[in-house]
**Q** 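One structure, as structure tokens, below. Some questions next.
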Protein chains: 2
Amino acid sequence: MATIKDVAKEANVSIATVSLVIHKHKRISLPTSQRVNKVIKKLNYHPSRSARGLVSQKTGNIGFILREDHFLRSEAFYTRIFLGTEFEARDYEYYVLLTTIPSGYSDKDRPPRFILEKNVDGIIIAGKVPDSIIRQVERYNLPLVFVDYYPPSNDHSVVLIDNISGGMVATRFLIKLKHKNIGFIAGDISHPSINDRFRGYRMAMENAGLEIFKKSYIIDENDTARENGYNAARKLLKQRNDITAVFACNDAMAIGAIQYFKENSISIPDNVSVIGFDDVEADISFDPTLSTVRVPKYEMGIEVMKLMSDMIKNGKGTKKKVLIPIDLIERNSTAELKIYK
Amino acid sequence: MATIKDVAKEANVSIATVSLVIHKHKRISLPTSQRVNKVIKKLNYHPSRSARGLVSQKTGNIGFILREDHFLRSEAFYTRIFLGTEFEARDYEYYVLLTTIPSGYSDKDRPPRFILEKNVDGIIIAGKVPDSIIRQVERYNLPLVFVDYYPPSNDHSVVLIDNISGGMVATRFLIKLKHKNIGFIAGDISHPSINDRFRGYRMAMENAGLEIFKKSYIIDENDTARENGYNAARKLLKQRNDITAVFACNDAMAIGAIQYFKENSISIPDNVSVIGFDDVEADISFDPTLSTVRVPKYEMGIEVMKLMSDMIKNGKGTKKKVLIPIDLIERNSTAELKIYK
DNA sequence: AAAATTTAGTTAAACGTTTAACTCAATATA
DNA sequence: TATATTGAGTTAAACGTTTAACTAAATTTT
């Protein structure tokens with residue numbers, strides 16, 4: 001394959017001129033520029049990434065860090081964020097290098113290889129990760145953006161779902177359906193996103209003048225999988241058997257809860273309305289199809305790449321927070337409260 | 001960050017020695033090697049990808065090419081293959097650069113950027129792609145492996161599902177359930193994988209001494225989405241209303257078919273058994289849960305990366321074909337034929 | 001004891017770019 | 001007319017490695 005030297009020779013100029021033409025430097029006259037460009041096309045020349053990277057200290061790559069269990073889990077949540085990033089990256093002429101870190105990442109673990117090898121121009125961290133990896137990454141002083149996680153040290157660029165609004169929208173929707181005894185179930189409550197959804201729930205309830213009994217919510221599950229939803233539903237119903245609607249902090253738990261209700265002959269949505277959060281693939285195959293709050297995952301990926309490109313171009317000073325709006329998706333797991341209840 | 005020069009100075013050797021130590025060259029004595037390694041650790045030195053890539057003409061990257069509509073579709077089929085590849089790549093110290101190409105890729109389109117920029121050591125092509133991209137890629141003479149697609153020019157390394165076996169296993173399973181009038185529905189029949197599943201169906205039927213009427217199958221749908229399954233089921237039933245079992249070429253079509261059956265008060269599996277192929281996420285949320293042939297997507301990704309590493313190490317001579325075995329997954333959409341029917 | 005071989009390194013070129021500093025001719029300014 | 005400025009390129013250094021070719025000392029062979 002052709003190198004810059006071949007082009008220079010063929011066009012009868014120095015390699016510097018070729019390089020300047022490529023970068024559209026104004027020092028080069030139009031005729032020369034045109035002549036060189038013609039040769040470039042003729043020889044199908046493209047600058048080598050490695051050579052370019054070596055001298056310019058830009059790799060054209062963005063690192064994408066994801067916790068291993070997030071990466072492996074069957075729901076396509078972070079996968080879709082990644083795909084959005086990947087897709088948007090093409091417009092900025094970047095490639096995205098994906099890597100996973102163990103959930104138990106500690107300060108002694110070595111940072112992702114792409115950082116050590118100076119093979120990325122910036123880093124995206126998706127989802128909740130251990131503090132230690134953040135500290136590690138910060139050391140290398142690369143542009144850093146978070147998506148779907150709000151790190152404890154609050155001074156970074158982030159792309160987040162508007163979880164508080166989402167929590168409010170879901171709860172308000174149930175209220176509009178005349179429900180008053182609305183329960184909330186969650187796991188991993190220390191996660192900022194989950195916490196915000198809970199906050200949204202409480203705010204909506206208060207705004208509507210509905211009291212929140214301590215018995216109205218179960219937030220002590222330590223994970224947000226289906227079985228946690230199942231268990232939480234059981235506990236919730238034991239505490240308060242007059243619940244007519246449940247807002248689950250995510251779809252997996254909502255589906256788990258519905259499974260519990262079904263097994264106990266509680267019909268959805270006739271006896272109890274259930275709404276989830278996320279809008280994962282399974283929702284529409286599930287019976288009943290799940291009402292939920294849609295999280296635009298792909299779009300989040302796009303946004304985070306945009307933000308990254310911005311930081312690289314305009315320096316790390318631009319610390320932005322982007323809140324992605326959510327939509328309510330009404331399906332068959334929610335219904336208006338029956339009067340006779 | 002430290003460079004090789006810093007290490008050399010600190011260890012009082014030449015940079016060549018440092019390099020040789022890193023590559024465990026036997027020309028270096030043990031004491032020197034140890035001393036240098038200690039300095040490497042102390043300075044947290046790691047060779048730069050770009051510099052290394054420039055001189056060694058190895059980038060440490062593998063290109064992964066996927067058709068755009070495969071990339072964007074909601075089923076996580078190719079995504080999971082990609083994740084498998086990505087995960088396995090870490091063991092070989094590779095990164096995977098993902099790129100998509102338009103479905104209508106033509107000879108005039110420019111090849112993926114990572115090829116032009118000499119930024120990959122090998123190429124994986126996943127799923128069916130236009131011939132033109134294959135021709136394009138072949139030109140650059142890089143190690144090339146296919147996964148889940150068998151290119152027309154049959155002289156490449158490939159990782160495939162054992163589709164014929166899969167088709168036979170599914171059909172034989174229905175036969176074991178006493179079904180005789182077994183229908184087959186498919187779309188995109190020119191796709192080698194689909195075609196093989198059809199072949200498996202026919203072989204199993206013949207082996208069991210069951211005749212295949214032309215009316216037993218619908219293979220003229222041009223895609224394999226849910227609505228194609230829906231339509232195919234309608235057409236199939238119009239041709240032969242004595243069908244008691246249907247083997248769909250993939251889960252999406254199976255689900256579409258079941259939807260049609262449900263809407264027409266044909267109960268699954270009491271009136272008709274349905275089995276799919278792929279084992280996608282939705283299957284277990286669907287009602288009834290779908291019996292299917294499991295395709296180990298993640299494992300395919302792993303296999304293709306292994307094959308790639310092999311080709312890079314041992315030269316392009318090693319043209320292998322790897323057939324990934326499948327499993328039958330029995331769920332609730334299939335049942336033994338009721339006698340009274 | 002001289003010659004040949006082995007050991008353990010070093011030197012220097014090369015990989016393919018980018019870019020600051022330089023040159024030389026043409027044009028503008030005093 | 002001599003001098004300064006501008007225009008359009010060229011030269012050469014630098015980026016951080018790898019590795020073939022070389023060297024000098026130590027060891028082995030004759």
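Source: prediction; values computed, not measured. Order of the sequence lines sets the chain letters (A, B, ...), proteins ahead of strands, with each chain counted from 1.
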**Q** NZ of A:Lys9 versus P of D:dT10: gap in Å, rounded?
**A** 15 Å
**Q** For B:His23, which contact category applies under a 4.0 Å heavy-atom criterion: base, sugar-phosphate, or nothing?
**A** sugar-phosphate
**Q** If you assign each of A:Val13 and B:Ala51 to its closest nucleotide in DNA chain D, which residue comes earlier from the 5' end?
**A** A:Val13
**Q** For B:Gln57 and for B:Asn12, locate the closest nucleotide of DNA chain C by heavy-atom distance; then report the residue assigned to the nucleotide nearer the 5' terminus.
**A** B:Asn12
**Q** Can a side-chain donor-acceptor contact be found between A:Thr100 and B:Arg90 if the only test is distance below 3.5 angstrom?
**A** yes
**Q** What nucleic acid atoms does B:Ser14 come within less than 4.0 Å of, heavy atoms only: base, sugar-phosphate, or nothing?
**A** base
**Q** How is B:Ser19 classified with respect to the nucleic acid when contacts are heavy atoms under 4.0 Å: base, sugar-phosphate, or nothing?
**A** base
**Q** Aromatic rings A:Phe87 and A:Tyr298: how do their planes relate, parallel, tilted or perpendicular, breaks at 30° and 60°?
**A** tilted
**Q** Counting any heavy atom closer than 4.0 Å, what does B:His25 reach on the DNA or RNA strands: base, sugar-phosphate only, or nothing?
**A** nothing
**Q** With under 30° as parallel and over 60° as perpendicular, where do the rings of B:Phe114 and A:Tyr95 fit, or are they tilted in between?
**A** tilted
**Q** Give me the one residue out of B:Lys321, B:Lys319, B:Glu138 that meets side chain to side chain donor-acceptor pair (under 3.5 Å) with B:His156.
**A** B:Glu138
**Q** Among D:dT18, D:dA8, D:dT19, which is the nearest nucleotide to the side chain of B:Val55?
**A** D:dT18
**Q** Got a sec, which residues hit side chain to side chain donor-acceptor pair (under 3.5 Å) with A:Ser190, two or more places apart in sequence or on another chain?
**A** A:Lys128
**Q** Can you tell me how far CG of A:Asn12 sits from CZ of A:Arg35, rounded to the nearest 0.5 angstrom?
**A** 7.0 Å
**Q** Measuring from B:Glu86:CD to A:Thr99:OG1, what's the distance to the nearest 0.5 Å?
**A** 6.5 Å
**Q** Rounded to the nearest Å, what distance is computed from the NZ atom of residue A:Lys24 to the P atom of nucleotide C:dT19?
**A** 15 Å
**Q** Nearest to the B:Pro47 side chain among D:dT17, C:dG16, D:dT11, which nucleotide is it?
**A** D:dT17
**Q** Looking at DNA chain D, which of residues 34-42 of chain A put a heavy atom within less than 4.0 Å of it?
**A** none
**Q** Considering only side-chain heavy atoms of A:Arg27, which listed nucleotide, C:dA21, C:dT17, D:dT17, is closest?
**A** C:dA21
**Q** Looking only at the side chain of A:Leu20 (C-beta and beyond, no hydrogens), which of the listed nucleotides D:dG16, D:dA14, C:dT19 gets closest?
**A** C:dT19
**Q** Phosphate oxygens OP1/OP2 of C:dT18: is one of them under 4.0 Å from a side-chain N or O of A:Arg52?
**A** yes
**Q** Nearest to the B:Thr3 side chain among D:dT17, C:dG16, C:dG9, which nucleotide is it?
**A** D:dT17
**Q** Pair A:Leu83, B:Thr79 - check side-chain contact (heavy atoms from CB on, under 4.5 Å), show working.
**A** CA-CA 9 Å; A:Leu83 292 186; B:Thr79 308; 4.1 Å; yes
**Q** Is any side-chain heavy atom of A:Leu66 closer than 4.5 Å to one of A:Phe82?
**A** no
**Q** Please state how far atom OH in B:Tyr45 lies from atom C1' in D:dT18, giving the value in whole angstrom units.
**A** 10 Å
**Q** Bend across the helix from C:dA1-D:dT30 to C:dA30-D:dT1, to 10°, with axes taken over 5 pairs at each end?
**A** 50°
**Q** Mind checking A:Thr32 for me? I need base, sugar-phosphate or nothing, with any heavy atom below 4.0 Å counting as a touch.
**A** sugar-phosphate
**Q** So what does A:Ser29 touch, heavy atoms closer than 4.0 Å: a base, only the sugar-phosphate, or nothing?
**A** sugar-phosphate
**Q** To the nearest Å, give me how far apart NZ (A:Lys118) and P (D:dC15) are.
**A** 13 Å
**Q** Keeping the roles fixed (side chain from A:Asp121, backbone from A:Thr59), state whether a donor-acceptor pair exists under 3.5 Å.
**A** yes
